[in-house]
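Working notes for the structure below.
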Protein chains: 2
Amino acid sequence: MGITKTESFTTQQNELANILKALAHPARVAIIDYLLTVDECICSDIVNELPLAQPTVSQHLKELKNAGIIKGSIDGKSICYCIDEKKIIILREYLDAILLSIKQTDKICQ
Amino acid sequence: MGITKTESFTTQQNELANILKALAHPARVAIIDYLLTVDECICSDIVNELPLAQPTVSQHLKELKNAGIIKGSIDGKSICYCIDEKKIIILREYLDAILLSIKQTDKICQ
DNA sequence: TTATAATATTGCAATATTACGATAATAAAA
DNA sequence: TTTTATTATCGTAATATTGCAATATTATAA
């Protein structure tokens with residue numbers, strides 16, 4: 001019926017999928033990339049940087065924030081966003097576990 | 001208009017988003033998890049393992065395969081799927097780069 | 001050849017995502 | 001208070017995703 005069967009999967013599987021989904025858009029990858037290039041916790045010249053309208057950028061930022069990948073703090077009339085590494089670490093640990101598990105079993109499939 | 005502006009982003013950003021998108025569903029995370037628990041390159045008792053209909057599982061497998069995250073080889077009348085680590089490694093390297101970059105600049109934003 | 005088993009594809013309904021114009025909300029500056 | 005700058009929200013159109021029944025395909029087995 002088009003609705004993800006969230007209840008059929010484990011909490012961990014859903015959490016990982018949420019983190020992955022938040023990052024799974026080129027605009028959001030671009031936002032992360034941009035946040036890494038600026039020395040200071042820059043606000044939204046992200047809008048100037050990306051070829052997207054302000055509401056679109058705002059929506060992408062909201063999704064990243066909801067997923068806990070970035071955090072924002074109010075700074076005068078602008079908002080200072082930066083990456084929150086916790087979820088990135090969770091994701092990296094998952095990938096590490098996958099790679100370790102593959103190494104150990106060393107499948108020959110194909 | 002609802003269509004992702006792929007051409008507005010770099011090849012790398014789009015590639016990363018594609019890998020992330022392929023993994024960004026609890027059913028597909030569950031498939032990966034299952035593939036890791038079976039010693040051999042198991043085929044599709046994935047259908048028996050997951051609470052999803054066979055066509056749905058088949059579609060998820062197709063997406064994982066298209067993204068290069070799993071590979072499948074024909075084995076009689078069944079198909080043997082297993083994880084292809086290349087894309088996982090690309091993803092981990094990206095996360096490493098993010099974490100390294102955060103460490104270096106050490107932002108105070110918050 | 002005719003089952004049978006394992007996967008894939010098609011078609012469709014339900015829902016989610018993406019993008020943006022218009023507009024609202026918030027807060028400093030004049 | 002009025003302006004201005006920054007960000008968020010609403011509404012909506014276009015498109016994508018999810019899930020499955022029905023059916024097709026493929027390949028072994030009988």
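Note on naming: letters A, B, ... go to the chains in the order of the sequence lines (proteins, then strands), and numbering restarts at 1 for each one. Computed from heavy atoms alone, side chains included, the values below leave out hydrogens, waters and symmetry copies. These figures come from a predicted structure and were not determined experimentally.
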request  = For B:Leu50 and B:Ala27, work out which heavy atoms get closest and say how close.
outcome  =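 Residues B:Leu50 and B:Ala27, closest heavy atoms: CD1-O, 4.0 Å.
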Original post:
Which heavy atom in A:Ala22 sits nearest to a heavy atom in A:Ala67, and how many Å separate them?
Top reply: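 It is CB-CB, 3.3 Å.
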Exercise. Measure up the A:His60 and A:His25 rings against each other and bin them: parallel (under 30°), tilted (30 to 60°), perpendicular (over 60°).
Key: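 Ring orientation of A:His60 relative to A:His25: tilted.
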Problem - Backbone N/O of B:Arg92 and side chain of A:Arg92: donor-acceptor pair under 3.5 Å - result: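 Here the side-chain-to-backbone pair does not exist.
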_Under 3.5 Å: donor-acceptor pair, side chain of B:Arg28, backbone of B:Glu63_ =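 No.
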Measure [atom1]/[X] against [atom2]/[N] and give the value in whole Å, please.
X	N	atom1	atom2	answer
A:Leu64	C:dT17	CG	P	14 Å
A:Ile74	D:dT6	CD1	C1'	11 Å
A:Asp75	C:dT26	CG	P	18 Å

Provide a list of protein-nucleic acid N or O atom pairs under 3.5 angstrom, restricted to nucleotides 3-5 of chain C.
unit_1: C:dA5; atom_1: O4'; unit_2: B:Lys77; atom_2: NZ; d: 3.3

| Judged by modelled atom types alone, do A:Gln59 and A:Thr56 share a side-chain donor-acceptor pair under 3.5 Å? | no
Would you please say whether a donor-acceptor pair under 3.5 Å links the side chains of B:Asp75 and B:Tyr81?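 B:Tyr81 and B:Asp75 do not have a side-chain donor-acceptor pair below 3.5 Å.
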Original post:
Are B:Leu61 and B:Lys65 close enough that some pair of their side-chain heavy atoms sits under 4.5 Å apart?
Top reply: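 No, too far: nothing below the 4.5 Å cut-off.
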| request: For residues B:Leu16 and A:Leu23, determine if any side-chain heavy atom of one lies less than 4.5 Å from a side-chain heavy atom of the other. | output: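 In short, these two side chains do not touch, never coming nearer than 4.5 Å.
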### Query
By a strict heavy-atom criterion of less than 4.0 Å, which residues belonging to residues 7-29 of chain A are in contact with DNA chain C?
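Residues of residues 7-29 of chain A under 4.0 Å from DNA chain C: A:Lys21, A:His25, A:Arg28.
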For nucleotides 8-12 of chain C, which of its nitrogen or oxygen atoms have a protein nitrogen or oxygen under 3.5 Å away, and what is each distance?
unit_1: C:dA8; atom_1: OP1; unit_2: B:Tyr81; atom_2: OH; d: 2.7
unit_1: C:dA8; atom_1: OP2; unit_2: B:Ser58; atom_2: OG; d: 3.0
unit_1: C:dA8; atom_1: N7; unit_2: B:Gln54; atom_2: NE2; d: 2.7
unit_1: C:dA8; atom_1: N6; unit_2: B:Gln54; atom_2: OE1; d: 2.8

### Task
Please say whether more than 12 non-hydrogen atoms of neighbouring residues, nucleotides or ligands are located less than 6.0 Å from CD1 in A:Ile74.
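Open.
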**Prompt:** Between C:dT17 and A:His60, is there an OP1 or OP2 to side-chain N/O distance shorter than 4.0 Å?
**Reply:** no
